[in-house]
Amino acid sequence: MFSVTMLASPAFLSRKTAFFIAGLLVAGLHASSHAAELAGSPYSLLFGPFSGSSLFIPGEIRENRLYSERKIQLQPGLNWLTSTDLSGARHGQLIPLRSQQFEWSTGPQIKLGKAEMAFPLISGRESNDLNMLSSWNGSSPTLLYKLSAKDKIRITGSYKVHNNLTSSSTKKSASLSWRHALTDSWAIKTGMTQNWESGSNNYLGSSVETYASVQASLPHGWRWNISGSWSESKNGLSNLLNTPQQNHVAELSLSTKYELYDGWRISGTLSASQTSRSDADRAMMEQSSKIKFYKEF
């Protein structure tokens, strides 16, 4: 069990943030009036059944998460989706630090033939022991289109405005992915993601990532994934006195997950990466391995 503390002050909750949250509440209540018989009450629209997970790595991190998702059918082909995500983490490395995060999204989902579209509005807050408060508001529309029985494409866009006590930034992203099912158990997936960020003090950042993976769902609860990715990023101040830093990262990973019993799972990952930085003479190589034993409830 863990607690999530919501901290707010007039300086932290700006007028735009207040209007945005009010808009989310109005949209949710409007949907509940059309789905009263199905939902039963506004509470059942905002909060569905909760699922949770807990992660503990001795000496490094303890993390707990609760997640809820509710889908209400307003009419055939039109649903209203609402999700709530609560998480708390304690980092126990050099300086112990606790953080709490809350995110809520709500919006319509429309199905037209082979296409499925979602238009969620998102609002979130995060705080930690150092009294560092941050918030974000935005939207992340998604289009899923079924090309055939074995092929699907997904297009996602995101626009978020982040604020804290000293600065603000705008983050945008666009991604395109394609998934092809080779058999009932094997599939391949490839895609590309582009990110842009602009913030206070003329800060600019951008990145692009391409990736490909082979996924397998094998008998007895085994799942395997082999993936490779390449990314390029640039960030820095947008003025004549500073040269943006450029990074290139190539990564290869192998991961597996096995379902044990009573909600318990075990997963493991092996990865290797090479990072080239514009301010370094040579590339940096890194290998890592991770094993996780956890339970979802």
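Both backbone and side-chain heavy atoms feed into the values below; hydrogens, waters and symmetry mates do not.
Ser105 approaches Ile122 most closely through the heavy-atom pair CB-CG1, 3.9 Å. Summarising the geometry of Ala272 relative to Gln287, their closest heavy-atom pair is CB-CG, 4.1 Å, with the distance given to 0.1 Å. Minimum interatomic distance between Ser83 and Trp104 (heavy atoms only, all atoms of both residues): O-CD1, 3.0 Å. The two atoms that bring Pro120 and Ser139 nearest to each other are O-OG, 2.9 Å, heavy atoms only.
Annotation: side chain to side chain donor-acceptor pair (under 3.5 Å) contacts of Glu259 (sequence neighbours excluded): none. Remark: Glu103 pairs with Trp136 by the side chain to side chain donor-acceptor pair (under 3.5 Å) rule, at least two apart or across chains. Looking at residues two or more places apart in sequence or on another chain, you find no ring pair (Phe, Tyr, Trp, His ring centres under 6.0 Å) involving Tyr211. Partners of Arg277 under the salt bridge (Lys or Arg N to Asp or Glu O under 4.0 Å) rule, at least two apart in sequence or in another chain, are Asp279. Residues satisfying the salt bridge (Lys or Arg N to Asp or Glu O under 4.0 Å) test with Asp85, not counting sequence neighbours, are Arg65. Every residue two or more places apart in sequence or in another chain was checked for a ring pair (Phe, Tyr, Trp, His ring centres under 6.0 Å) with Trp196, and none qualifies. Applying the side chain to side chain donor-acceptor pair (under 3.5 Å) rule to Ser255 yields no partners; only residues at least two apart in sequence or on another chain are considered.
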Quiz item: Please walk me through it: do His162 and Ser134 pass side chain to side chain contact (heavy atoms under 4.5 Å, CB included)?
Solution: CA-CA 7 Å; His162 291 246; Ser134 62; over 6 Å; no
Quiz item: Should Ser68 and Thr84 be marked as a side chain to side chain donor-acceptor pair (under 3.5 Å) after you check the CA-CA gap, both sets of side-chain angles, and the distance that decides it?
Solution: CA-CA 5 Å; Ser68 173; Thr84 305; 5.2 Å; no
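When atom types are taken as modelled, the side chain of Ser278 and the backbone of Gln246 share a donor-acceptor pair closer than 3.5 angstrom. Side chain of Gln194 to backbone of Ser207: a donor-acceptor contact under 3.5 angstrom is found.
Sorted by first then second residue, the salt bridge (charged side-chain N to carboxylate O under 4.0 Å, His left out) pairs that include residues 174-185, not counting sequence neighbours, number zero. Within the structure, side-chain hydrogen bond (donor to acceptor under 3.5 Å, both in side chains) pairs that include any residue of residues 166-176 comprise Asn164-Thr166, Asn164-Ser167 (at least two apart or interchain).
With values rounded to the nearest 0.5 angstrom, Met117 atom CE is found 11.5 Å from Thr142 atom OG1. Taken to the nearest 0.5 Å, the CD1 atom of Ile110 stands 11.0 Å off from the CG atom of Leu143. Note that CD of Gln109 and CD of Gln73 are 10.5 Å apart. Values are rounded to the nearest 0.5 Å. We find the CD-CE distance between Gln274 and Met284 to be 10.0 Å, quoted to the nearest 0.5 Å. Expressed to the nearest 0.5 Å, how far CG of Asn137 lies from CG of Leu121 amounts to 9.5 Å. Note that the CD atom of Glu251 and the OG atom of Ser288 stand 7.0 Å from one another [nearest 0.5 Å].
Using modelled atom types, one finds a donor on one side chain and an acceptor on the other under 3.5 Å when comparing Gln100 with Ser127.
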Just list the side-chain donor-acceptor pairs under 3.5 Å for residues 148-161, sequence neighbours left out, or say none.
| unit_1 | atom_1 | unit_2 | atom_2 | d |
| --- | --- | --- | --- | --- |
| Ser148 | OG | Lys150 | N | 3.4 |
| Ser148 | OG | Asp151 | N | 3.3 |
| Ser148 | OG | Asp151 | OD2 | 2.9 |
| Asp151 | OD1 | Trp178 | NE1 | 3.0 |
| Asp151 | OD1 | His180 | ND1 | 2.8 |
| Asp151 | OD2 | His180 | ND1 | 3.4 |

Contacts under 3.5 angstrom, residues 213-229 side chains, donor-acceptor by atom type, not counting sequence neighbours:
| unit_1 | atom_1 | unit_2 | atom_2 | d |
| --- | --- | --- | --- | --- |
| Ser227 | OG | Ser253 | OG | 2.8 |

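Chaining together hydrophobic side chains whose heavy atoms lie under 4.5 Å apart places Val208 alongside Met192.
For the pair Lys114/Leu144, no side-chain contact is recorded, criterion being any heavy-atom separation below 4.5 Å from C-beta on.
Note on Trp230 and Val249: separate hydrophobic clusters, where clusters join Ile, Leu, Val, Met, Phe, Trp and Tyr whose side-chain heavy atoms are under 4.5 Å apart, directly or indirectly. Under the 4.5 Å side-chain contact rule for hydrophobic residues, Ile266 and Leu270 do not share a cluster. Side-chain heavy atoms closer than 4.5 Å link hydrophobic residues (I, L, V, M, F, W, Y) into clusters, and following such links, possibly through other members, connects Leu112 to Leu78. At a threshold of 4.5 Å between side-chain heavy atoms, the hydrophobic network of Ile, Leu, Val, Met, Phe, Trp and Tyr places Phe119 and Ile72 in one connected group. Under the 4.5 Å side-chain heavy-atom criterion for Ile, Leu, Val, Met, Phe, Trp and Tyr, Ile291 and Tyr258 are members of the same hydrophobic cluster.
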